[in-house]
Peer 1: 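Below you will find the structure I want to go over with you.
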2 protein chains.
Amino acid sequence: MTKKKLVKADSSAQADGTESSSLSPSRRQRSVELKTKAIKDSALAVFSMYGFHGSSLEQIAELAGVSKANLLYYFSSKDDLYLYVLRDILAVWMAPFEALSADQDAVSSIKEYIKQKLEVSRDYPQASRLFCLEMIQGAPLLKSLLEGKLRKQVREKAKVIKAWSDAGQIAPIDPFHLIFTLWATTQHYADFHVQIEAITGKTLDNDRFLKSTVENIQSLIINGLRPRSE
Amino acid sequence: MTKKKLVKADSSAQADGTESSSLSPSRRQRSVELKTKAIKDSALAVFSMYGFHGSSLEQIAELAGVSKANLLYYFSSKDDLYLYVLRDILAVWMAPFEALSADQDAVSSIKEYIKQKLEVSRDYPQASRLFCLEMIQGAPLLKSLLEGKLRKQVREKAKVIKAWSDAGQIAPIDPFHLIFTLWATTQHYADFHVQIEAITGKTLDNDRFLKSTVENIQSLIINGLRPRSE
DNA sequence: GTCTATATCTCGATAGAC
DNA sequence: GTCTATCGAGATATAGAC
């Protein structure tokens with residue numbers, strides 16, 4: 001039940017506190033940006049593994065290569081830091097959704113969406129897992145977003161899917177269940193990466209495994225959606 | 001960032017500590033069972049929401065209707081309690097796997113598996129979420145299980161699937177990706193229930209929604225697997 | 001801006017009365 | 001078996017020197 005220590009990042013943040021005051025304004029600003037980013041990156045790594053309550057500022061600060069007091073100079077509280085991290089990942093998470101477009105035909109839209117989402121699972125697995133943690137906890141911070149912006153966006157995409165099936169491009173299906181299936185299958189490779197690796201010995205970082213994942217899911221779903229004359 | 005209080009269960013545990021000593025041996029044993037179960041149920045509810053580190057014994061005890069000290073009389077430590085809970089849910093989680101059997105034909109096996117797994121997602125959503133939490137955190141306690149028993153079981157089922165496609169019952173597919181897809185799509189409705197509800201307004205507790213979920217996923221995957229002459 | 005020191009709080013676990 | 005009281009560890013956040 002002990003926490004595994006994350007490997008400390010080789011941060012570029014300077015250890016000497018006085019040095020920054022000798023920097024020019026632009027260089028100082030740059031330094032602040034770098035440090036802020038290092039802290040947010042470390043925070044994402046820790047929060048996405050242990051959740052909000054399970055993470056300590058000490059742990060995050062150590063990973064970022066700064067002192068705990070210094071971290072609290074840049075982010076006024078743990079809550080504050082968490083909210084910044086959560087905000088950053090949302091954009092990443094929702095981006096591939098744009099691939100589902102009425103301007104494109106069904107098959108290539110859906111294939112493209114699966115590919116993009118799996119690439120997100122490969123490139124930002126921590127973001128996917130933190131999002132999943134939030135959902136499991138009942139999304140206390142994201143509930144308003146879910147019920148507002150996301151809900152609206154999903155209903156729009158549902159219309160696009162409905163139009164595709166009405167036009168005979170794909171078989172009739174409840175658009176919501178299709179969207180949930182697309183979400184579930186693609187996120188699974190990030191959220192359950194330990195399980196995937198334990199069983200297959202591979203991860204999405206392996207190019208051939210990514211390729212085979214994309215192709216298998218694409219063909220399963222595209223064939224599943226093929227219009228069939230009864 | 002405050003924790004929402006779970007509604008306290010109307011526990012049947014007695015408030016009067018002296019009463020139990022007047023019970024007959026069998027009744028006393030029964031009382032211990034009831035209390036142990038109440039504590040484990042509450043622990044599952046809390047652990048599955050906030051994770052191990054995010055949960056407090058105080059919270060669990062309150063939900064179970066016992067004092068914190070009393071809880072620690074029945075379970076020697078927080079770790080101890082957590083392990084008991086985790087052990088209990090594993091059997092539930094792995095049970096539907098048996099539906100994938102070489103004795104049955106592919107289509108009805110897979111349809112049955114999807115149905116059973118979605119019913120588990122409906123009946124034991126907390127178990128599913130706790131399992132998901134463990135995976136996200138790198139499965140510190142389950143890693144040996146994943147790499148041993150589960151891995152072996154999955155490889156067996158993969159052979160069954162391979163046999164089905166070799167026999168032409170289903171189209172060729174990587175059995176592992178099919179298994180992952182089955183897991184992902186069915187668990188999603190438990191793990192992301194907040195999101196599902198925010199978007200559709202429904203949960204698996206709604207019979208019609210469950211039915212439509214089962215049917216949509218079944219037909220998507222079964223059609224996706226239909227052998228096609230090229 | 002960065003550090004050390006510390007105030008304050010929460011939590012797991014124990015001690016001891018009943 | 002159950003309770004109250006409390007200890008000690010660890011966490012967030014602040015104070016104040018430099």
Side-chain angles (χ1 to χ4, degrees), chain A residues 1-3 5 11-25 27-36 38-39 42-43 46-47 50-83, chain B residues 1-3 5 11-25 27-36 38-39 42-43 46-47 50-85:
Chain A
M1 210 71 59
T2 54
K3 283 187 201 171
K5 262 198 187 169
S11 167
S12 59
Q14 58 221 11
D16 180 0
T18 60
E19 193 184 337
S20 60
S21 42
S22 67
L23 297 174
S24 66
R27 273 187 62 93
R28 184 180 307 163
Q29 194 178 343
R30 176 85 185 125
S31 161
V32 168
E33 273 171 30
L34 278 177
K35 208 159 199 173
T36 304
I39 292 171
S42 302
V46 177
F47 282 143
Y50 304 109
F52 180 80
H53 297 289
S55 306
S56 76
L57 292 181
E58 181 74 51
Q59 217 181 345
I60 295 168
E62 193 191 348
L63 188 64
V66 302
S67 73
K68 189 173 58 170
N70 194 217
L71 184 157
L72 284 163
Y73 172 78
Y74 286 96
F75 295 89
S76 63
S77 71
K78 190 183 181 182
D79 282 28
D80 189 42
L81 175 57
Y82 188 76
L83 286 172
Chain B
M1 209 71 60
T2 54
K3 283 187 201 172
K5 262 197 188 169
S11 168
S12 59
Q14 58 222 10
D16 180 0
T18 61
E19 193 184 335
S20 59
S21 42
S22 68
L23 296 175
S24 67
R27 275 186 62 90
R28 184 180 308 161
Q29 194 178 343
R30 176 89 184 122
S31 160
V32 168
E33 272 171 30
L34 278 176
K35 209 158 197 174
T36 304
I39 293 170
S42 302
V46 177
F47 282 142
Y50 304 111
F52 179 81
H53 297 289
S55 306
S56 75
L57 292 181
E58 181 76 53
Q59 217 180 343
I60 295 168
E62 194 191 348
L63 187 66
V66 302
S67 72
K68 188 173 62 169
N70 194 215
L71 184 157
L72 284 165
Y73 172 78
Y74 287 96
F75 295 89
S76 64
S77 70
K78 190 182 182 184
D79 282 29
D80 189 41
L81 175 58
Y82 188 75
L83 286 173
Y84 269 101
V85 171

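In this text the structure is predicted, and so the values were computed from the model without any measurement. Within every chain, numbering begins at 1; the chains are lettered A, B, ... in the order of the sequence lines, protein sequences first and strands thereafter.
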Peer 1: Do you know which two heavy atoms are closest between A/Ala64 and A/Ala38, and how far apart they sit?
Peer 2: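 Result for this residue pair: CB-O, 3.8 Å.
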
Peer 1: Taking N or O atoms only and anything under 3.5 Å, show me the protein contacts with nucleotides 13-18 of chain C, one pair per line.
Peer 2:
{"from": "C/dA13", "atom 1": "OP2", "to": "B/Lys78", "atom 2": "N", "distance (Å)": "2.8"}

Peer 1: For C/dG1 and A/Lys35 - does any side-chain N or O of the residue sit under 4.0 Å from the phosphate oxygens OP1/OP2?
Peer 2: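 Indeed not, no polar side-chain atom of A/Lys35 lies that close.
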
Peer 1: Provide, to the nearest angstrom, the distance between the CZ atom belonging to A/Phe52 and the C1' atom belonging to C/dT10.
Peer 2: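 In whole Å, C/dT10 C1' and A/Phe52 CZ are 14 Å from each other.
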
Peer 1: Do the side chains of B/Ile60 and B/Leu81 get nearer than 4.5 Å, heavy atoms only?
Peer 2: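 A side-chain contact exists here, since the closest heavy-atom pair is under 4.5 Å.
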
Peer 1: Given C/dT2, C/dC11, D/dT12, identify the nucleotide with an atom nearest to the side chain of A/Asn70.
Peer 2: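 Given the options C/dT2, C/dC11, D/dT12, the side chain of A/Asn70 is closest to C/dT2.
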
Peer 1: Take atom OH of B/Tyr74 as the centre, draw a 6.0 Å sphere, and report whether it contains more than 12 heavy atoms from other residues, nucleotides or ligands.
Peer 2: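 More than 12 within 6.0 Å, yes.
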
Peer 1: Output yes when a side-chain donor or acceptor of B/Lys35 lies under 3.5 Å from a complementary backbone atom of B/Val66, and no otherwise.
Peer 2: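 Not confirmed, B/Lys35 side chain does not pair with B/Val66 backbone.
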
Peer 1: Give the rounded distance in Å between these two atoms: CZ of A/Phe75 and P of C/dG1.
Peer 2: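 Atom-to-atom, A/Phe75 to C/dG1, this comes out as 14 Å.
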
Peer 1: Roughly, in whole Å, what's the span from CD in B/Gln59 to C1' in C/dT10?
Peer 2: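 In whole Å, C/dT10 C1' lies 12 Å from B/Gln59 CD.
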
Peer 1: Can you list everything that forms a side chain to side chain contact (heavy atoms under 4.5 Å, CB included) with B/Leu72? Sequence neighbours excluded, please.
Peer 2: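 B/Leu72 satisfies side chain to side chain contact (heavy atoms under 4.5 Å, CB included) with B/Leu57 only.
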
Peer 1: Check the distance between D/dC3's C1' and B/Glu62's CD and give it to me in whole angstrom.
Peer 2: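 Result: 17 Å.
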
Peer 1: Between P on D/dT14 and CG on A/Leu71, what's the gap in Å once rounded to a whole number?
Peer 2: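 After rounding, the gap between these two atoms is 13 Å.
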
Peer 1: What is the distance from OH of A/Tyr73 to C1' of D/dT12, rounded to the nearest Å?
Peer 2: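 Taking atom C1' of D/dT12 as the reference, OH of A/Tyr73 is at 19 Å.
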
Peer 1: Assign the ring pair A/Phe47 / A/Phe52 to parallel, tilted or perpendicular, where the plane angle (0 to 90°) is split at 30° and 60°.
Peer 2: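 Geometry flag for A/Phe52 against A/Phe47: parallel rings.
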
Peer 1: Taking all non-hydrogen atoms of both residues, which atom of A/Ser42 and which atom of A/Leu63 are closest, and how far apart?
Peer 2: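 Answer, listing the atom of A/Ser42 first, then A/Leu63: OG-C, 3.5 Å.
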
Peer 1: Grab the CG-C1' distance between A/Asp80 and D/dA13 for me, whole Å please.
Peer 2: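 Rounded to whole Å, this separation is 13 Å.
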
Peer 1: What is the separation between atom CD on B/Glu33 and atom P on D/dG1, rounded to the nearest whole Å?
Peer 2: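 Value for this atom pair: 13 Å.
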
Peer 1: Any side-chain N or O of A/Ser67 below 4.0 angstrom from OP1/OP2 of C/dT2?
Peer 2: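 Looking at the OP1 and OP2 atoms of C/dT2, neither is under 4.0 Å from any side-chain N or O of A/Ser67.
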
